[in-house]
*Asks:* 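Next up is a structure, given as structure tokens.
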Amino acid sequence: MQQFNSAASLLFIFLLIVLFPNISYAYLDPGTGSYFLQIVAAGFFACLFAVKLYWKKIKTFFRKPQKR
Amino acid sequence: MDSGLYNSLIDNNLLIEHTECDISITETLNCFKVIKPVNVPLISYPYEWCFSQLKDAALCTLRVQKKALKFNMSLKDCSAYNIQFFNGKPIFIDTLSFERYQEGKPWIAYKQFCQHFLAPLSLMAYKDVRLNQLLKIYIDGLPLDLTSELLPPMTKIKPSMLFHIHSHAKVQQKYSRAISLNDTKQVSRHGFAGLIDNLESSINKLACKRTVSEWGDYYQDTNYSETAFEHKKDLVSIFISKVAPQNVWDLGANIGIFSRIASDMGIPTISFDIDHNSVEANYVNSINLNEKNLLPLLVDINNPSPGIGWQNTERTSLLERGPTDLAIALALIHHLAISNNLPLEKIARFFASICKSLIIEFVPKEDSQVKRLLATRKDIFPDYGKSEFEKCFSLYFNKIEANSITDSHRSIYLFERNK
């Protein structure tokens, strides 16, 4: 009887997890696809941004040896 | 507020100011605070904006997000309805949209930004400028898969379009439940900043697809002599001064030559026109001149913006946002009566519903432009004439003054609505 009860509660919890989506406190539905895209490209955008920020420094670094 | 972000945004004219109110004014339940933002005189919606207005709205949103990140905050939504035009420029109005930035978490508003801004702008840039009207149907921005299908194939070789639209559309379908929202350390701060920066560059690069329209060079094609044109401007100016309105709607305003008579007097004026090229030229001009009292909007008077959204009241119809103190309808009536087959009485009734005073130009059948309209169709307008016009308008208005324009068949009337 006890085994039946624990099996039933396990099944109930399993169904609960499977049937109901994760509780989200997000204000709007971001779409998990959009999250995936950002995760995939985060590193690339970070590099691109860093290059852009330091572009002038990189330019002067490469120019100095030529001027001598 | 405490972080300093609010003051920084206000100083840069990026956010609408607000004052805090006594919490007792609200009769409802528990609330944390009551705030009262500065009033925006006329609400307008993204489907009423020309390309450059939507582009500037997008850039304003990104500027707000960039600033927020500096203060460790982030926008939790990027709806185009969070922007309004105030003193001639776009301003962010959703004061409650900010949340604390959690390093590592992806940007929740990325998809919404792409749907509300990047999608319609790219369609207007690469396909057809009229596609912004899809925003009327899709109240939460254009679906990315639809945008991807509509964009020409050559956009797939443009990196920003390929990433933010085409790939973005594909991953929406593929990955529905793969990511747990509780995982942190997925998108670094630099990655986040890089994404925002890339979106900003992408938007900046977009330019409106220029179309040839009959209205683009309107003022090269009118039938006014120089004397007639100057006389018309003088009459309009005198009539506006007589009414001394608090606000003005100029219908069929084209590039806003007559709207500027009112706005230069310091009167908040809306310039409505159906033609995108005209509204675009008007807006670009107003930005260059740093005008604060003029707002050009893209509206078809024969089919003005309806109420949309929940119960058709979430975004109000254009007519419900009136009435205005003074409406100006120059060189318009023949387009309503003849091109759109509207009886004069119906036109008069329409104007009575949208304004308290009216400056209107009557264009008779003898005028060459009306002859042009009737050249390719049967004249089924036996009553269209000055006496019928005056009779129909007298049902709803008192005639204050009427003047014929020198060197022209046309006349200008100043009406005041019957009480």
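Chain naming here is simple, since letters A, B, ... match the order of the sequence lines and numbering starts at 1 in each.
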*Asks:* So which atom in B/G191 and which in A/F45 form the shortest heavy-atom distance, rounded to 0.1 Å?
*Replies:* O-CB, 3.8 Å

*Asks:* In the structure I gave you, are the side-chain heavy atoms of B/I108 and A/Y35 within less than 4.5 Å of one another anywhere?
*Replies:* yes

*Asks:* Of the non-hydrogen atoms in B/D197 and A/K52, which two are nearest, and what is the gap between them?
*Replies:* OD2-NZ, 3.0 Å

*Asks:* A quick test of your reading: do over 12 heavy atoms of other residues, nucleotides or ligands sit less than 6.0 Å from CD1 of B/I157?
*Replies:* no

*Asks:* Does any backbone or side-chain atom of A/L48 lie under 4.5 Å from a heavy atom of chain B? Answer side chain, backbone, both or neither.
*Replies:* side chain

*Asks:* To check you understand the geometry: which heavy-atom pair defines the closest contact between A/S34 and B/Q172, and what is its length?
*Replies:* OG-NE2, 2.9 Å

*Asks:* Any idea which heavy atoms bring B/V171 and A/G33 closest together, and the distance?
*Replies:* CG2-O, 3.3 Å

*Asks:* Evaluate whether atom NE2 of B/H18 has more than 12 neighbouring non-hydrogen atoms of other residues, nucleotides or ligands under 6.0 angstrom away.
*Replies:* yes

*Asks:* Of the backbone (N, CA, C, O) and the side chain (C-beta and beyond), which part of B/F163 lies under 4.5 Å from a heavy atom of chain A, both, or neither?
*Replies:* both

*Asks:* With a 6.0 Å cut-off (strictly less than), is the heavy-atom count around NZ of B/K158, excluding the residue itself, greater than 12?
*Replies:* no

*Asks:* Between B/L195 and A/Q38, what is the shortest heavy-atom contact and its length?
*Replies:* CD2-OE1, 3.6 Å

*Asks:* Taking all atoms of both residues into account, what is the closest heavy-atom pair of A/A42 and B/Q186, and its distance?
*Replies:* CB-O, 4.3 Å

*Asks:* Which residues in residues 141-153 of chain B have any heavy atom closer than 4.5 Å to a heavy atom of chain A?
*Replies:* none

